[in-house]
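The block underneath contains the structure these notes are about, expressed in structure tokens.
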2 protein chains.
Amino acid sequence: MSDFRIRSKTWLEVDGKPFLGDGRFRLLSAIQRNGSINAAAKDLGLSYRKAWAQLKAMEESSPFLLLERRTGGTGGGASLLTDETVELLKRFEKLRDQVNRKADQCFATCFAEESAHADA
Amino acid sequence: MSDFRIRSKTWLEVDGKPFLGDGRFRLLSAIQRNGSINAAAKDLGLSYRKAWAQLKAMEESSPFLLLERRTGGTGGGASLLTDETVELLKRFEKLRDQVNRKADQCFATCFAEESAHADA
DNA sequence: TGTCGTTGTGCGTGATTTGCATAACGGTAA
DNA sequence: TTACCGTTATGCAAATCACGCACAACGACA
């Protein structure tokens, strides 16, 4: 009964539609690091097309502006996360980590043959 | 910041491949209720083809026999969960509910404007 | 005014999913 | 023994979806 591993995903929704999950979290983080959607996509090994589609989906249901885009100009353009987005990422990361940790705990309790209580 | 709802999924893997998640849990439960794959599929509103594919995928990585199948005979045939599968479903349901409950708690903590600590 | 690297988008191609159609099976009853 | 019935099991064509190439628009700076 214990050949299993547990996995879990946590994400936020708006109006029943997916808003922010792990993939989009990584994308936004990469934009923050790299300063542009294009560089972020390359960084993560995904196509600009796909990254752009994810951002569009997010923006369609976001209650606030996600990022400032600049087309043309020095460097060809750039994209910058808003303060609210940076704050959102922080909260989401904390939430996700807490849930993952709890999932591991529950798994140990429900599926281990003989489990001493872990107190991590 | 609080137009969001939290969602989470929990599932089991074997050898890095998805084994038991919410959809397959519902399928197996429906087989238990209905006594056949066909009736279970109708019950859930999915095609027999798809239900069968899910079972096949599970069986390819399952450490034990999932269900007994009978082709032909009275009623045309039938399918019955093994005792181990019934036990697995119980444990998974418990695990899933615990993780979901914890996710709701964490969400309240991380995203509520002013949150008194909930102690459910 | 030309250059450059962005953002933004149309569209053809390939992969994946879906569902229809059909074969095989075996208890039961005639 | 044989026909019947509803199930398990599967091949295959059609539809749907995802991917990524190719290209247009943009604007600060030299």
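Throughout, protein chains are lettered first and strands after them, A, B, ... in sequence-line order, and every chain is numbered starting at 1. Treat the numbers as computed from the prediction; the structure is a model and nothing was measured.
- Between A:N38 atom CG and D:dA24 atom P the separation is 18 Å, expressed in whole Å.
- Looking at heavy-atom distances under 4.0 Å, B:R49 makes contact with a base.
- The distance between atom CZ of B:R70 and atom C1' of C:dG26, rounded to the nearest whole Å, is 9 Å.
- For B:T71 and D:dA9, the shortest distance from a side-chain N or O to OP1 or OP2 is not below 4.0 Å.
- One atom, OH of A:Y48, and another, C1' of C:dG5, lie 11 Å apart when rounded to the nearest Å.
- Rounding to whole angstrom units, CG of residue A:N34 and P of C:dT6 are separated by 10 Å.
- Checking the phosphate oxygens (OP1, OP2) of C:dC4, no side-chain nitrogen or oxygen of A:T74 falls inside 4.0 Å.
- For the pair B:E59 CD and D:dA9 P, the computed distance is 8 Å after rounding to whole Å.
- Heavy atoms of B:G76 sit under 4.0 angstrom from at least one base atom.
- Note: CD1 (B:I31) to C1' (D:dT7) measures 13 Å, nearest angstrom.
- A straight line from CG of A:L46 to C1' of D:dC21 spans 16 Å, rounded to a whole angstrom.
- At the phosphate of D:dA9, OP1 or OP2 sits under 4.0 Å from a side-chain N or O atom of B:R69.
- In this structure, B:E68 places its CD atom where only 12 or fewer heavy-atom neighbours from other residues, nucleotides or ligands lie under 6.0 Å away.
- Look at CD on B:Q54: it is 15 Å from P on D:dT8, rounded to the nearest Å.
- Residues B:L67 and B:V86 are members of one and the same hydrophobic cluster, defined by side-chain heavy-atom contacts under 4.5 angstrom among Ile, Leu, Val, Met, Phe, Trp and Tyr.
- Looking only at atom types and distance, the side chain of B:W11 has a donor-acceptor partner in the side chain of B:E13 under 3.5 Å away.
- Under 4.0 angstrom from either OP1 or OP2 of D:dG20 there lies no side-chain N or O belonging to A:K50.
- Heavy-atom distances to DNA chain C give each of A:G77 and A:K56 a nearest nucleotide, and the one nearer the 5′ end belongs to A:G77.
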Worked check of side-chain hydrogen bond (donor to acceptor under 3.5 Å, both in side chains) between A:T10 and A:N100: CA-CA 8 Å; A:T10 304; A:N100 282 345; 4.8 Å; no
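- Within the cation-pi definition used here (under 6.0 Å to the ring centroid, within 45° of the axis), A:R24 does not qualify as a partner of A:F19.
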